[in-house]
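To start, the structure under review is shown below, and the notes come after it.
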2 protein chains.
Amino acid sequence: MSDILPFEKPRRRSRPVRVADAIKDWVVEQRLSAGDRLPGETEMIERFGMSKGTIREAMRILEAQGLIETRTGPGGGSFVKEPSAERARALLGNYFYFKTLTIADIYALRRALEPDLAASLAGRLDAEALEGLREIVDSYARPAASMEEERDQHVASLAFHARLAAHAENPLLGFMIGFMAQILSDLTVDRRLYTPPNPELWERGRGYQMRLLEALRDGDAETARATMRAHMETAQTLMMDQEAEVLSRFMAE
Amino acid sequence: MSDILPFEKPRRRSRPVRVADAIKDWVVEQRLSAGDRLPGETEMIERFGMSKGTIREAMRILEAQGLIETRTGPGGGSFVKEPSAERARALLGNYFYFKTLTIADIYALRRALEPDLAASLAGRLDAEALEGLREIVDSYARPAASMEEERDQHVASLAFHARLAAHAENPLLGFMIGFMAQILSDLTVDRRLYTPPNPELWERGRGYQMRLLEALRDGDAETARATMRAHMETAQTLMMDQEAEVLSRFMAE
DNA sequence: TAAGATTTGTTCGTATGTATC
DNA sequence: GGATACATACGAACAAATCTT
């Protein structure tokens, strides 16, 4: 993986890092796939001529990247693993932790991508999938009775999109949308983006989701796309109002 | 960061992983930012009551995530670090290594996002930025004389988009586009997606890039958007032809 | 340039924990 | 339950990098 924008100073890499890279390359060369076993610690120690500690640090590096999994006991060892979407989201989240993302930034992408997702899913979800989505939407059918419930409803509403994304045929599209839902969910919770409640907009948003489900069931791609587009508009408005509210609360303190 | 789609079995987490998480939480609590120094190994050993090896493994976990950087010597130690875009791309790349992404998958997103990027950049690039982009486009002004040059030209053409993405005001949009350029660059190189040459389409693509630069210089957002959209069409056609070629080469073997 | 101080980097031996048979 | 095969963890010593004087 040579880099397309060649920066980052080539500082001296420690042994564990070099070992981790070597193992990664080896796995690729050997065409190992998820579940395949890697050589044990003792064999690694011999093969690389390094101490146990160094090898273990290397394994931890791979583990942190979600690439291996390690088990103790007989038949144990390290195994190649496909990184979970959850871990990939977390790792990418680290990158954005240091950036300032506005609601507008995120919605610029949601508006561009989610309508396509909706269209691509029309007529392709089975009854079970539709039922699961329906349950989520139903979970916020009635107004929240408390702040906590308000928050949970907002999170659930984002989980609706994450769930939809999980059904995407295009893995890239699915991941990106799931990732945005995750970020928004995190932002919603720790910046209290669920207050003040805005029942009218909220209800409109839920209405769009229900109509979207119908269009998906009926295989009507264009209605699904248009509905999602409209939904994104109201959702963005809702969240930007709340973002502004957060700012003014912040300044008032 | 509670998860929006709560899966993944809660297997027993090893000490280094727990220590790494604890340190991460501590950094957030203390509101440390990039460049700030973490406690040294010896202090960690005391604070956590764990051995040096365990602490070091924890540090390696954080390092692998691009969150810290460690230096030896006086004044050395571990320092909070903002993960580089490069590392974030690599980590996310691990996730997609196990997925099968088609050219069509990637272009579905490029078509949806890059025109927006182009429009958002109109009139916002300084002379230096425009010059840098111009140089890239010029680097493939004449037909490639060899396979290697053909490959390099394709990579450079993708670097044009990566460079553009680096100027994005929206960090999310910028990252996503840069990431796709990276994936395509990798695919291009290791699946030889630069053959057979298709001079006509290639030249049209380059023409779009030049017209795009003019529109960006002139601050004409709508022309920039339309030009990028057209460019994406021809680029997709070019690459899908080559992807098909790869498949038939593969089957012929 | 050289010496010394500081901090991480690496090794090795040993002991413990854990899952399988 | 006991033996076996693995990873996990500890501690002490030494090596290497880098800053200061």
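Residue numbering restarts at 1 for every chain, and letters A, B, ... go by the order of the sequence lines. Remember, predicted model here, so these are calculated numbers, not experimental data.
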Q) Hey, are B/Lys99 and A/Glu82 close enough for a salt bridge, meaning a charged N less than 4.0 Å from a carboxylate O? A) yes

Q. What is the distance from CZ of A/Arg71 to C1' of D/dA5, rounded to the nearest Å?
A. 14 Å

Q.
Any side-chain N or O of B/Arg15 below 4.0 angstrom from OP1/OP2 of D/dC10?
A. yes

Q: Let me know the distance between CZ of A/Arg13 and C1' of C/dT8, rounded to the nearest Å.
A: 18 Å

Q. Checking side-chain contact (heavy atoms from CB on, under 4.5 Å) for the pair A/Leu172/A/Met176: CA distance, chi angles, key distance, verdict?
A. CA-CA 6 Å; A/Leu172 189 56; A/Met176 298 295 179; 3.5 Å; yes

Q) Counting just side-chain N and O atoms, does A/Arg56 come under 4.0 Å of either OP1 or OP2 of C/dT10? A) no

Q. Once the angle between the rings of A/Phe96 and A/Phe179 is folded into 0 to 90°, is it parallel (under 30°), tilted (30 to 60°) or perpendicular (over 60°)?
A. tilted

(Q) Looking only at the side chain of B/Pro74 (C-beta and beyond, no hydrogens), which of the listed nucleotides D/dA7, C/dT6, C/dG9 gets closest? (A) C/dT6

Q. Any donor and acceptor pair, going by atom type alone, linking the side chain of B/Arg18 with main-chain N or O of B/Arg13 inside 3.5 Å?
A. yes

Q. Any salt bridge between A/Arg60 and A/Glu63, counting N to O under 4.0 Å?
A. yes

Q.
Strictly below 4.0 Å: does A/Thr54 bring a side-chain N or O up to OP1 or OP2 of C/dT11?
A. yes

Q | Separation of C/dT7 P from B/Leu38 CG (nearest whole Å) | A | 14 Å

Q) To the nearest angstrom, how far is B/Glu57 atom CD from C/dG9 atom C1'? A) 14 Å

Q | Interatomic distance where CD1 belongs to A/Ile61 and C1' belongs to C/dT10 [whole Å] | A | 14 Å

**Q.** Distance-only donor-acceptor test (3.5 Å): side chain A/Lys52, base C/dG13
**A.** no

Q: Quick one: label B/Gly40 by what it contacts on the DNA or RNA (base, sugar-phosphate, nothing), any heavy atom closer than 4.0 Å.
A: sugar-phosphate

Q | Pairing residues for A/Arg47 by the side-chain hydrogen bond (donor to acceptor under 3.5 Å, both in side chains) criterion, not counting sequence neighbours | A | A/Glu43

Q: Provide, to the nearest angstrom, the distance between the CZ atom belonging to A/Arg60 and the C1' atom belonging to C/dG9.
A: 18 Å

Q: Could you state the atom-to-atom distance from CD1 of A/Ile55 to P of C/dC12 in whole Å?
A: 11 Å

Q: Decide if atom CZ of B/Arg37 counts as having more than 12 heavy atoms of other residues, nucleotides or ligands within a radius under 6.0 Å.
A: yes

(Q) What is the distance, to the nearest angstrom, from the CG atom on A/Leu62 to the C1' atom on D/dA7? (A) 16 Å

Q | Nucleic acid contacts - residues 41-51 of chain B versus DNA chain C, non-hydrogen atoms under 4.0 Å | A | B/Glu41

Q: Measure from the side-chain heavy atoms of A/Thr72 and tell me the nearest of C/dG9, C/dT10, C/dA19.
A: C/dA19

Q. Which part of the nucleic acid, if any, lies within contact of B/Gly77, taking any heavy atom under 4.0 Å across all strands shown: a base, the sugar-phosphate backbone alone, or nothing?
A. sugar-phosphate

